[in-house]
Amino acid sequence: MKRIGVLALQGDVGEHVTMLESLDTVVVKVRTPEQLESVDALVLPGGESTTIAHLLVTAGLKEPLGEKLRDGFPVFGTCAGLILLSSEVLDGRADQWSYGALSVSLRRNGYGRQIASFESPIEVRDVGTVAGVFIRAPRIVAWDNGVEVLATLDHGDGRGEHPVFVRQDNVWGASFHPELAADPRLHQLFVDSL
Ligand code: GLN
């Protein structure tokens with residue numbers, strides 16, 4: 001059975017744990033480099049990207065995770081987790097860093113402040129329709145050819161379609177929160193890729 005870690009520094013850790021436990025996996029809450037070493041893949045939850053980034057440094061996890069990402073370690077980031085994996089963060093804090101493991105530029109809170117949280121059905125390639133829960137979600141505004149776009153959303157604000165679920169080799173990202181919808185299919189997709 002695969003051992004899936006959930007980075008457990010801040011954010012909606014419990015929801016990911018519950019989702020993964022419903023699949024055929026062993027779930028490990030990751031707070032230390034030793035725990036990181038013990039898993040086959042890692043989920044980065046939603047939450048507050050600047051807080052999680054800060055805690056990755058203080059936990060001594062920033063460098064080990066960066067090295068593993070470069071070596072092809074599978075990671076799935078949702079919302080703040082996607083921000084942490086991206087190559088460019090627009091409207092981030094001046095000192096905000098990210099791993100650059102997923103070649104996307106995104107804008108924090110890029111779906112607007114007034115309508116900062118919403119739900120929308122999302123059509124995912126090879127999966128079908130899932131419920132997309134967006135909470136102060138980042139908007140992917142540019143991406144490289146190497147990024148597979150697995151789902152897009154037209155938010156109806158005249159800006160056209162933007163990717164909301166993407167994959168680049170070992171790195172997966174969703175701008176919404178599949179862990180908050182009672183539907184494990186996207187987690188299953190990630191686990192099946194291992
Ligand atoms: N806007 C948050 C951030 O910048 C992400 C929100 C979320 O994960 N729900 O970290």
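Each ligand, and each atom within it, is numbered from 1 in the order the structure gives.
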Can you list the ligand 1 atoms lying under 4.0 Å from a non-hydrogen atom of [X]?
{"X": "Arg136", "value": "1 (N), 2 (C), 5 (C), 6 (C)"}
{"X": "Ile83", "value": "3 (C), 4 (O), 10 (O)"}
{"X": "Arg108", "value": "3 (C), 4 (O), 10 (O)"}
{"X": "Gly47", "value": "2 (C), 5 (C), 6 (C), 7 (C), 8 (O), 10 (O)"}
{"X": "Asn109", "value": "1 (N)"}
{"X": "Gly46", "value": "8 (O)"}

Ring centroid separation Phe118 to His155 under 6.0 Å = yes
Closest approach of Leu9 and Ala59, non-hydrogen atoms and distance?
-> CD2-CB, 4.3 Å
With sequence neighbours excluded, what pairs up with Lys68 under the salt bridge (charged side-chain N to carboxylate O under 4.0 Å, His left out) test?
-> Glu37
Which residues share a salt bridge (charged side-chain N to carboxylate O under 4.0 Å, His left out) with Arg136, sequence neighbours left out = Glu48
Do Asp40 side-chain atoms and Arg3 backbone N/O form a donor-acceptor pair below 3.5 Å?
-> yes
Could you point out which residue of Val75, Leu55, Leu36, Leu44 forms a side chain to side chain contact (heavy atoms under 4.5 Å, CB included) with Leu7?
->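 The passing option is Leu44.
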What residue and atom, counting heavy atoms only, is the protein's closest point to atom 10 (O) of ligand 1, and at what distance?
-> Ser49 N, 2.5 Å
For Ala80 and ligand 1, does the shortest N/O to N/O distance drop below 3.5 Å?
-> yes
Is the shortest N/O to N/O distance between Thr50 and ligand 1 below 3.5 Å?
->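 Checking ligand 1 against Thr50, no N or O pair falls under 3.5 Å apart.
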